[in-house]
Amino acid sequence: QVQLVESGGGLVPAGGSLRLSCKASLRTFSAYTVGWFRQRPGSEREFVAAMKRYNSNPYYSDAVKGRFTMSRDNSKATAYLQMNSLSADDTAVYFCAADQQLITSSLGVSSQYDYWGQGTQVTVSS
């Protein structure tokens with residue numbers, strides 16, 4: 001069974017930065033596409049970023065492009081999300097997700113991911 005554990009969330013002032021981590025219980029982490037999503041209260045889960053398996057090129061939503069950077073360390077079975085220039089609009093619960101078989105057009109579709117972490121709260125104070 002695949003387990004994903006997010007960490008690194010917290011309270012940060014507007015303009016600040018946070019780095020989220022997603023640790024996976026996977027020996028073949030490189031064979032999984034990993035995505036980051038976020039969910040604000042009363043809203044649907046929203047795509048943030050993803051990296052396909054065996055590929056080091058991240059994909060970003062327009063809302064975070066230029067401010068967030070996704071990376072992964074396959075040797076540590078961990079994905080990261082560096083978040084800079086945070087604003088109150090970035091306040092949400094952030095989730096990481098993983099799946100073995102995703103095509104590029106499905107990276108932003110939360111229902112396409114099989115495995116999810118429990119989420120970590122990010123709160124940006126204005």
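Since the structure is predicted, the reported quantities are computational estimates derived from the model, not experimental observations. All heavy atoms count here, side chains included; hydrogens, waters and symmetry mates do not.
Contact check on R38 versus D90 returns a salt bridge, with a Lys/Arg side-chain nitrogen under 4.0 Å from an Asp/Glu carboxylate oxygen.
Residues A79 and F29 share a closest heavy-atom pair of N-CZ, 3.9 Å.
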Item to check | Test log, rule side-chain contact (heavy atoms from CB on, under 4.5 Å), inputs Y80 and L20 | outcome: CA-CA 6 Å; Y80 303 96; L20 306 184; over 6 Å; no
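Between W36 and M70 the shortest side-chain heavy-atom distance falls below 4.5 Å.
Using a 3.5 Å distance cut-off with no hydrogens or angles, the side chains of D99 and Q101 do not pair a donor with an acceptor. No side-chain donor-acceptor contact under 3.5 Å links D73 and T78. For the residue pair S110 / Q112, no side-chain donor-acceptor distance below 3.5 Å is found, with atom types taken as modelled. Looking at S7 and K23, their side chains never bring a donor and an acceptor atom within 3.5 Å of each other.
Taking OH from Y94 and CZ from F37, the interatomic distance works out to 13.0 Å, rounded to the nearest 0.5 Å. A distance of 13.5 Å separates CZ of R40 from CZ of R45, quoted to the nearest 0.5 Å.
Aromatic pair Y59/F47: ring centres not closer than 6.0 Å.
Not a single donor-acceptor pair under 3.5 Å links the side chain of T33 to the backbone N or O of Q100. The backbone N or O of T123 lies less than 3.5 Å from no partner atom in the side chain of T91, so there is not a single donor-acceptor pair. Counting only distance, with no hydrogens or angles, the side chain of E6 and the backbone of C96 share a donor-acceptor pair below 3.5 Å.
By the 30° and 60° cut-offs, the orientation of the rings of W116 relative to F95 is perpendicular.
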